[in-house]
Amino acid sequence: MWNRFLVIIIFSLLQNCRTGIITEELKKDKIMFETFDYGKFEIENGKYKDPNRSSDIYVFGRGREVMASWTDIYEIPPFPYFYWSYKEFYEQPNQPNTIKEKGKYFGDVRLGSFGRIEIGHWYYFDEKGKLIKEVDEDKKFGKFSYNEVLKFLDSKKDINLNTGEGRDKFEVQYYYSDKSTKKLWKIFVKIGEPQDGPPPPGYKYEKGETISYSYQKGKYYYLDGDTGEQIKTTDKRLLDYKEIIPNFEEKFPKLIESAQIYKTHEGKAYTQAEWQAYEEKEYEAYCKRTGRPYTPKSQEPTAENQGDKSPFLAEDWEKGDDKTPRKKGFWDNLFG
């Protein structure tokens with residue numbers, strides 16, 4: 001019976017490893033008194049230092065990497081897991097340093113990356129190793145949490161949950177606020193390697209200065225934090241999240257412009273695009289009532305083909321400030 005029970009446990013662990021999803025078991029962390037002696041760690045693991053990278057990075061194989069110092073440890077687990085862990089220690093002279101805080105990150109699985117989000121339970125200790133605070137970071141997420149994000153990226157072939165491939169090729173940001181019920185994931189999937197190029201347009205060089213910028217090609221996904229619905233950057237629905245997205249006006253100026261009130265008519269407010277559509281519809285109806293020919297705006301005569309327009313349309317054209325003929329609007333004809 002015990003042998004059968006052991007086989008079931010091993011099979012379950014292998015299944016968790018196969019999927020690579022951050023399961024409930026992975027999010028739970030055993031609370032225990034911890035110490036860290038970096039000098040001892042360095043001696044025992046010196047052979048794993050990566051000579052081509054920072055001197056405090058250790059590579060152990062199967063994707064497991066550690067970046068350690070006297071007071072910090074960042075650890076990426078072996079493939080296929082899509083998280084990394086962090087531990088900070090109190091610096092204690094002449095004795096191993098005691099644990100200060102510990103937890104896990106989700107996001108760009110690269111040592112030194114800043115594209116990360118706290119997940120699971122985070123623990124905070126005093127200098128004697130006593131647990132003084134525990135925070136469940138998962139409470140900030142909606143129904144579409146980070147496991148669902150991983151499944152979405154796997155369905156798009158951007159990552160592989162079975163092998164861990166692509167875990168260092170995407171960055172995430174999670175937007176939320178206590179003042180809003182909206183939640184939003186922003187995901188950037190990198191394509192290829194970064195490339196150097198000239199600075200952005202308008203950059204002013206100092207005398208004798210030479211500078212280049214690094215550019216990363218890629219694609220963005222915006223996913224609702226509760227439904228997982230994908231929202232394009234040109235979709236007006238993204239305006240519903242402007243309260244939780246920092247600097248929304250700078251990031252999406254066209255959406256802001258499209259939402260501004262252009263005109264109010266009979267108590268109803270219209271954006272510029274909505275007003276133009278309404279004006280076109282009313283103009284078409286007006287032409288039908290009066291028996292005049294109707295030309296959709298998309299097919300209007302231009303300055304180059306004015307000679308082909310009908311006598312009625314000729315009366316509808318006027319010259320602007322630049323002397324370029326243009327068609328009068330419906331309201332000009334109706335009220336002008």
Side-chain angles (χ1 to χ4, degrees), residues 14-27 62-65 76-85 104-120 137-176 180-195 197 214-242 244-248 251-252 254-255:
L14 288 174
Q15 282 294 100
N16 284 340
C17 182
R18 185 186 66 81
T19 61
I21 295 178
I22 307 169
T23 62
E24 288 298 320
E25 288 75 15
L26 287 172
K27 290 190 289 181
R62 292 188 58 238
R64 179 181 176 235
E65 296 184 4
I76 296 177
F79 292 115
Y81 296 120
F82 284 80
Y83 73 88
W84 48 317
S85 62
K104 292 184 174 68
Y105 289 115
F106 172 69
D108 188 353
V109 185
R110 293 181 305 152
L111 294 177
S113 166
F114 294 99
R116 56 183 187 252
I117 300 171
E118 290 88 350
I119 63 171
E137 293 289 351
D138 285 357
K139 288 184 176 180
K140 63 177 176 281
F141 300 116
K143 297 178 182 178
F144 195 84
S145 189
Y146 43 87
N147 280 327
E148 283 64 46
V149 169
L150 290 175
K151 293 175 185 176
F152 170 83
L153 292 174
D154 183 69
S155 71
K156 295 292 185 179
K157 309 299 183 184
D158 293 319
I159 64 172
N160 188 315
L161 286 176
N162 292 324
T163 65
E165 182 183 359
R167 68 178 184 177
D168 60 342
K169 294 298 183 182
F170 70 94
E171 299 175 359
V172 294
Q173 288 180 278
Y174 182 68
Y175 300 124
Y176 72 103
S180 174
T181 59
K182 293 291 185 180
K183 303 176 188 297
L184 186 71
W185 288 98
K186 176 185 176 182
I187 308 163
F188 177 66
V189 179
K190 306 169 190 175
I191 299 176
E193 298 299 325
Q195 297 179 352
S214 181
Y215 296 88
Q216 176 66 63
K217 293 183 178 180
K219 55 184 175 180
Y220 286 95
Y221 298 113
Y222 286 86
L223 306 175
D224 184 273
D226 280 315
T227 66
E229 182 181 13
Q230 186 175 348
I231 304 171
K232 295 182 179 180
T233 56
T234 56
D235 194 327
K236 286 187 178 181
R237 289 178 299 170
L238 200 58
L239 288 164
D240 296 336
Y241 304 86
K242 65 180 181 180
I244 62 174
I245 300 179
N247 304 315
F248 187 92
K251 294 176 180 177
F252 306 101
K254 291 185 178 180
L255 283 179

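Just so you know, these numbers use all the heavy atoms, side chains as well, and skip hydrogens, waters and symmetry mates.
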(request) Could you walk me through whether Phe252 and Lys242 pass the side chain to side chain contact (heavy atoms under 4.5 Å, CB included) test, one step at a time? (result) CA-CA 9 Å; Phe252 306 101; Lys242 65 180 181 180; over 6 Å; no
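- Counting heavy atoms of neighbouring residues, nucleotides and ligands inside a 6.0 Å radius, atom CD of Gln216 exceeds 12 of them.
- Nearest heavy atoms, Asn160 versus Phe82: O-CZ, 3.7 Å.
- Of all heavy-atom pairs spanning Lys186 and Tyr220, the tightest one is CE-CE2, 3.5 Å.
- For the atom pair CG of Leu184 and CD1 of Ile245, the computed distance is 5.0 Å after rounding to the nearest 0.5 Å.
- Looking at residues two or more places apart in sequence or on another chain, you find no ring-ring contact (aromatic ring centres under 6.0 Å, His included) involving Tyr175.
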(message) Using side chain to side chain contact (heavy atoms under 4.5 Å, CB included), reason through Val172 and Tyr146 one step at a time and then give a plain yes or no.
(response) CA-CA 10 Å; Val172 294; Tyr146 43 87; over 6 Å; no
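- The nearest pair of heavy atoms linking Tyr83 to Pro77 is O-CD, 3.0 Å.
- Not a single ring-ring contact (aromatic ring centres under 6.0 Å, His included) links Phe144 to another residue, sequence neighbours left out.
- Every residue was checked against the salt bridge (charged side-chain N to carboxylate O under 4.0 Å, His left out) condition with Glu118, not counting sequence neighbours, and none meets it.
- Taken to the nearest 0.5 Å, the CD atom of Glu137 stands 12.5 Å off from the NZ atom of Lys104.
- With sequence neighbours left out, the salt bridge (charged side-chain N to carboxylate O under 4.0 Å, His left out) criterion links Lys182 to no other residue.
- Between Tyr105 and Ile76 there is no side-chain heavy-atom pair separated by less than 4.5 Å.
- Atom NZ of Lys143 has 12 or fewer heavy atoms from other residues, nucleotides or ligands within 6.0 Å.
- Partners of Asp154 by side chain to side chain contact (heavy atoms under 4.5 Å, CB included), not counting sequence neighbours, listed by chain and number: Ile159, Leu161.
- No side-chain donor-acceptor contact under 3.5 Å links Tyr176 to the backbone of Gly225.
- Side-chain atoms of Arg167 never come within 3.5 Å of backbone atoms of Pro80 as a donor-acceptor pair (strictly under, hydrogens ignored).
- Applying the side-chain hydrogen bond (donor to acceptor under 3.5 Å, both in side chains) test to Arg237 and every residue at least two apart in sequence or in another chain returns Glu229, Asp235.
- By the salt bridge (charged side-chain N to carboxylate O under 4.0 Å, His left out) test, Asp226 is found to be paired with no residue, residues two or more places apart in sequence or in another chain being considered.
- For Ser214, the side chain to side chain contact (heavy atoms under 4.5 Å, CB included) criterion is met by Pro194, Asp196, not counting sequence neighbours.
- Among residues two or more places apart in sequence or in another chain, the side chain to side chain contact (heavy atoms under 4.5 Å, CB included) test is passed with Asp108 by Arg110, Ser113, Asp168, Glu171, Lys190.
- Lys219 meets the salt bridge (charged side-chain N to carboxylate O under 4.0 Å, His left out) test with Asp158; sequence neighbours excluded.
- Of all the heavy atoms in Phe248 and Leu238, the pair that sits closest is CE1-O, 3.6 Å.
- Aromatic ring pairs are classed by plane angle as parallel below 30°, tilted from 30° to 60° and perpendicular above 60°; the pair Trp185 and Phe106 is perpendicular.
- Remark: Glu65 pairs with Arg53 by the side-chain hydrogen bond (donor to acceptor under 3.5 Å, both in side chains) rule, at least two apart or across chains.
- Scanning for side chain to side chain contact (heavy atoms under 4.5 Å, CB included) contacts around Gln230 gives Phe152, Lys156, Tyr221, Leu223, with sequence neighbours left out.
- Looking at heavy atoms from C-beta onward, Ile119 lies in side-chain contact with Phe141 at the 4.5 angstrom threshold.
- In this structure, the separation between NZ on Lys254 and OG1 on Thr233 is 9.5 Å, given to the nearest 0.5 Å.
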(request) Show your working on side chain to side chain contact (heavy atoms under 4.5 Å, CB included) between Phe79 and Thr163 and close with a plain yes or no. (result) CA-CA 6 Å; Phe79 292 115; Thr163 65; over 6 Å; no
